Each structure stands twice: as C-alpha cells, then as structure tokens.
Amino acid sequence: MSAPIASLFSSGAGGLPPAEPLDFATLRLPASPNACLAAPAGAHPQAQVVTPPLPVDAGTAWPVLRALGDGMDRVARYGEFPARRQAQWVARSALMNYPDIIVAELVPGAQGAGLFLYSRSLFGWSDMGVNRKRVEAWLAALDAALRRR
C-alpha cells in the first residue's frame, strides 16, 4: 500500500513519514488555501495570523504547549525537537480520517515567548478554513492555559 493511502487507514501518526524539524525561516506556504501560519509580528512575510508575545518565557510555555496539543481530540504527537522547543502533531478529521500536520515552536522574545503555529492539510486543495480555525482555537486555548497556571 502506498504511503499516502496507508496514512488514510492509520490512526495517529501511523502511515506518515518520520517527522523532521520545520525551519520557519525558510518556510514557504503552499499555493493552495489549505494551510495557516501564525507568527510573531514581522517574523514571517506569509503569516496570516499575528501572535502576540506570550505572558511567560519560552521555558515556562513549553510544557503547557506540549500538554495542550497532546490533550486535543483526534490529535496525536508526531514529532518533538526539544532543543528548538518545537513539537508536531497530526490531527485526524472525524469523517474521512484525513491527516493534518500542526507544528508549534516557541522562540525567546523581549516581552515574553514568541510562538509560531502552522497547520496544514496533507491532502486536497481547499480545507474550507479548517486550518485557520484550528490555529485560532489553539491560540485561544494556549492563552487560557497560560493564564490559569
């Protein structure tokens, strides 16, 4: 069975190639409208959402971010690169089991940690806004979790 087909019949990160770190400095969004990138102000020319500085430093936000992603429905850890404070997850759609990849990375900032958050579909051209809604939901959930701690 080919890798793309196998990924549809798997769960979690099953059927996907091994995760590799994403370099946000060289990231170029696809031409298709099935991805969403959130980044600190001025940090990426293609960012669709600006992330304000987090109210804590990157070291404090790191375990909160990891727990947030690990606690989401139909989401499984895909990869983790602690030296970069980057974690990756795969989210599966409820209806067709399509895998989407979510990558989050914390960077140090003068006013608090900066956050890159990227969600993209692996299949199809349009996602009907799913990835942008996911990014916005994760940002709101992370903000709430950080304020509760």
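We number each residue from 1, following the sequence as shown. Everything quoted here is computed from the prediction, not taken from an experiment. In what follows, every heavy atom counts, from backbone to side chain, and hydrogens, waters and symmetry copies are set aside.
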Inset, instruction - Indicate whether the side chain of Gln46 and that of Gln48 have a donor and an acceptor atom separated by less than 3.5 Å. - result: no

Inset, instruction - Could you go through the side-chain contact (heavy atoms from CB on, under 4.5 Å) check for Leu122 and Tyr98 one step at a time? - result: CA-CA 8 Å; Leu122 293 180; Tyr98 290 134; over 6 Å; no

Legend entry - Reported OG-to-CG distance for the pair Ser32 and Asp127, which is rounded to 0.5 angstrom: 8.0 Å

Legend entry - Partners meeting salt bridge (Lys or Arg N to Asp or Glu O under 4.0 Å) with Arg120 (sequence neighbours left out): none

Inset, instruction - Calculate, to the nearest 0.5 Å, the distance between atoms CE and CD1 belonging to Met72 and Ile102 respectively. - result: 8.5 Å

Inset, instruction - First locate atom CG of Leu29, then atom OH of Tyr118, and finally report the distance between them rounded to the nearest 0.5 Å. - result: 5.0 Å

Inset, instruction - Give me the ring orientation class for Phe24 and Phe116: parallel if the planes are under 30° apart, tilted from 30 to 60°, perpendicular past 60°. - result: parallel

Legend entry - Separation of Cys36 SG from Asn131 CG (nearest 0.5 Å): 7.0 Å

Legend entry - Donor-acceptor pair, side chain of His44 and main chain of Arg28, under 3.5 angstrom: no

Inset, instruction - For Asp100 and Ser93, test the side chains for any donor-to-acceptor distance below 3.5 angstrom and give the result as yes or no. - result: no

Inset, instruction - Sort and list the pairs that fulfil side-chain hydrogen bond (donor to acceptor under 3.5 Å, both in side chains) and have at least one residue in residues 59-69, not counting sequence neighbours. - result: Asp57-Thr60, Arg66-Glu80

Inset, instruction - Return the set of residues passing salt bridge (Lys or Arg N to Asp or Glu O under 4.0 Å) with Arg74 (not counting sequence neighbours), or none when no residue passes. - result: none

Inset, instruction - Taking the side chain as every heavy atom from C-beta outward, state whether Leu115 and Glu105 have any pair of such atoms under 4.5 Å apart. - result: no

Legend entry - OH-CG distance between Tyr78 and Leu16, expressed to the nearest 0.5 angstrom: 5.0 Å

Inset, instruction - Provide the closest heavy-atom pair for Pro40 versus Thr51 in the form atom of the first, atom of the second, distance. - result: N-OG1, 3.1 Å

Inset, instruction - Examine distances only and state if a side-chain atom of Arg84 and a backbone atom of Leu22 form a donor-acceptor pair shorter than 3.5 Å. - result: yes

Inset, instruction - Using a 4.5 Å cut-off on heavy atoms from C-beta on, say whether the side chain of Leu65 contacts that of Leu106. - result: yes

Inset, instruction - Write down the atom of Phe81, the atom of Ala19, and the distance for their closest heavy-atom approach. - result: CZ-O, 3.8 Å

Legend entry - Derivation of the side-chain contact (heavy atoms from CB on, under 4.5 Å) call for Ser121 and Val130: CA-CA 9 Å; Ser121 300; Val130 167; over 6 Å; no

Legend entry - Taking every non-hydrogen atom, the tightest pair across Pro30 and Asn34: CG-OD1, 4.0 Å

Inset, instruction - Work out which heavy atom in Leu117 is nearest to a heavy atom in Ala104; give both atom names and the distance. - result: CD1-CB, 3.8 Å

Inset, instruction - Determine the sole option in Arg132, Lys133, Arg134 for which the salt bridge (charged side-chain N to carboxylate O under 4.0 Å, His left out) test with Glu136 is passed. - result: Arg132

Inset, instruction - Indicate the atoms forming the closest heavy-atom contact of Leu68 with Trp138, along with that distance. - result: CD2-O, 3.8 Å

Legend entry - Nearest atoms (heavy-atom pairs only) where Ala61 meets Leu146: CA-CD2, 4.1 Å

Inset, instruction - Answer whether the closest heavy-atom distance between the side chains of Leu142 and Val64 falls below 4.5 Å. - result: yes

